Amino acid sequence: MSALLSVEGVAAGYGKITALHGVDLQIHAGEIVTLIGANGAGKSTLMMTICGSPQARSGRVVYDGRDITRQPTHLTMRQGIAQSPEGRRIFQRMTVLENLRLGASVVSPEYFDADLARMYDLFPRLKERESQRGGTLSGGEQQMLAIARALMGRPKLLLLDEPSLGLAPLIVRHIFEVIRELNQREGLTVFLVEQNAFHALKLAHRAYVMVNGRITMSGTGQDLLNNDDVRAAYLEGGRRETAGA
Amino acid sequence: MATASNIRPGPTRAASLEQGAFVWSVALADAAKAAALAGILGFFFIGMKTDIAGDGLVLSYRWAALGHAVLIVFLGRLLLDALLGKAAPVTTQMLTAGIFIAGIAGIMTQDATGGSLPARALVGAVLGGLIVAVLYGVALWRRRPAPARAEATRQARFAIPIGIALVLLALTLPFLITTFLPGQQRQFIDLAILILTYVMLGWGLNIVVGLAGLLDLGYVAFYAVGAYSFALLSTCFPFIGFWSALPLAGMLAGMWGLVLGFPVLRLRGDYLAIVTLAFGEIIRVVLLNWVDFTNGPNGISGVPKPTFFGLEFSRGEGGFADFFGLEFSTIHRFIYLYYIILALAFLTNFVTLRLRKLPIGRAWEALREDEIACRALGINTTNTKLTAFGIGAMFGGLAGAFFATRQGFVSPESFTFMESAIILAIVVLGGLGSQMGVVIAATVMIGGIEMLRHISFVGQIFPGVDPVQYRMIIFGLAMVAIMIWKPRGFISRRNPSAVLKERKSIGADLVSQGEGH
Ligand SMILES: Nc1ncnc2c1ncn2[C@@H]1O[C@H](COP(=O)(O)OP(=O)(O)OP(=O)(O)O)[C@@H](O)[C@H]1O
Ligand SMILES: [Mg+2]
């Protein structure tokens, strides 16, 4: 089985800093793959390198059989990859509807109405807030908007960077539920970077652990959940949280 | 920008003053510090002067001028502390304003013959107090309890009727002027043409600065390219008239917009501003020094006047007046020029408003907000920036061609940094990205500068003062005042570019939430 996206020995960084040291990672069509790791491990960098900024210094990124390592970001985003970047990056002064329209920049306008209706189905909250400015949305609403905006690009592969950051457990559950639904119903492939390791690993088919710019462990989500090292490093807080809930 | 200030309000001077009450000793010490600094710095810049004497340079000192500068800084600082610190009672504000104006009045009138210094200072103090009292009244009135977001909705509700009224006014203005102000028709139509030129330039720059968020300090370069394109084309090729040169001038300027756009693609903010500033100056210096091509500082004269479908606005056979059986009048040509620039301005506005609703326009605005997010959504930021530069420059070029035909003469002098600054000020004061704001700001600024030329009453209060000389100071102060009063420009409301029809009514209301970000 060939991978939809395969990252092969990728090294990348910023200026003198090298953030990724030869990362290998595969994502197959229809999978949810989670990447966990400590702050500064290089998770966001990997996600951005897949998109082409920063570009990989060595190694290859292959998507759908094509080498996209040196391809400009905006072209990559037109080939069925969409991203909800770290920090959400909502267009603050533009309305929810305008944000969604911008998300659909890469697809033909004929799909817009149907896609919009679908987004409002997934996130009814966005429909209520349609004419509100992005910057005045709550954190949870902004995250929903960031995901919906990415989905408006009709991706085959959705990259999500810490969608649960700073959100109440209820909202996190809702967002993860939506991801699962998209994956099961529409076969959307998802690459999820998360700090919220417990939920993310439960959601994932497969998962990777990154330490200091290197992949140190991989396996099914359930494997990693049961792994003692992973539990010690990433799940103690998560377990307490779930025990309390 | 908005979020950053939300997260961590910077401990600015104004903010810290707002928290504590106004304390005279603190304010005085503060003012003294500022004055001392001004004295030290000013000693070199103001206090010393070199003159050419027989055997070289001699150094002389200008203690009076230095003293004045220090006094102005001292009083100004005091005034700022009193006005910006909310806790200062209105009496203090009035007192400091009075002292400030009295001091200025004292300095300004020192060489005048009539009136003793204390008397003049007293008049100044009373005037200062009065001004502050009026401002305070306005502030109280504005702060009266009002339904939330009243201002934004008010702006929204009146936008369309005001727009229609303004269009009608613009279409009929020359006739209103010739009917009601027959004595000064030439002067007023000229002023209207000037204002419209700046409206057009403002709208053109608004694409670059207001929508795409690329701070361009050298916009006048494209204005110059347009003007010189037409001037040179018409002098080299006699068959080229205004109408044939207009699109060429626009294209050439647009091309230069792209030429500038390429090297600055990676720059943002301050760096972009510096490079564009330099670009504007380079164009001017080239025009000045490439004498063979541009005739240098002497400029190019004899730029043809526009014709009306081949009819010239000249006296006698075959002229415009003759053809239509009208009595010849020079005013016809001015009215015609007025309609040309009105049409060009409308074109600029129309194109901008259309583009805003298209993907490219939305991409400009998105680019202003977050370049990384744009790229992540598959938007080609390179092309987006280049089109903003190119289209903005093109309109600058069209305005430049109009300028050339109106003046009949172009020289590098007309394209100094000051022009860029005024155009940028119009865009910023109007409210970045707001089309209506540009109209208001251009009218207030260009009209205001002209009005200041004609004020004579100040000279009667302070004998020996020529208000024309202080025009730019008054103008600058007015700009500062506007930015304090309306920090986001006259029109801060942003029309969403995408609205679903059936939900339009809630739209306007909810969009305005969070006004002031
Ligand atoms: N633009 C940048 N310039 C320089 N260094 C950067 C830049 N972005 C990230 N880094 C560095 O690269 C390393 C990896 O950062 P990255 O953002 O990928 O971490 P992360 O795993 O996403 O962390 P977190 O969970 O905190 O988001 C860090 O050491 C960081 O300081
Ligand atoms: Mg990160």
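Reckoned from all heavy atoms, side chains included, excluding hydrogens, waters and symmetry mates. In this text the structure is predicted, and so the values were computed from the model without any measurement.
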Tell me the closest heavy-atom pair linking A/V106 and B/G378, and the distance in Å. CG1-CA, 3.7 Å
Is B/R354 atom CZ crowded by more than 12 heavy atoms from other residues, nucleotides or ligands, each under 6.0 Å away? no
If you compare all heavy atoms of B/L377 against all heavy atoms of A/M77, which two are closest, and at what distance to 0.1 Å? C-CB, 4.2 Å
Counting C-beta onward and ignoring hydrogens, is there a side-chain heavy-atom pair between A/H74 and B/T381 closer than 4.5 Å? no
Around atom CZ of A/R78, are there more than 12 heavy atoms of other residues, nucleotides or ligands at under 6.0 Å? yes
Is the side chain of A/E98 donor-acceptor paired with the backbone N or O of B/R362 at a distance under 3.5 Å, no angle test? no
Atom pair CZ/CD of B/R375 and A/Q83 - distance to nearest 0.5 Å: 11.0 Å
Which of the residues B/P359, B/A373, B/C374 is involved in the greatest number of heavy-atom pairs with chain A at under 4.5 angstrom? B/A373
Check whether any side-chain heavy atom of B/D370 lies under 4.5 Å from a side-chain heavy atom of A/R88, and answer yes or no. no
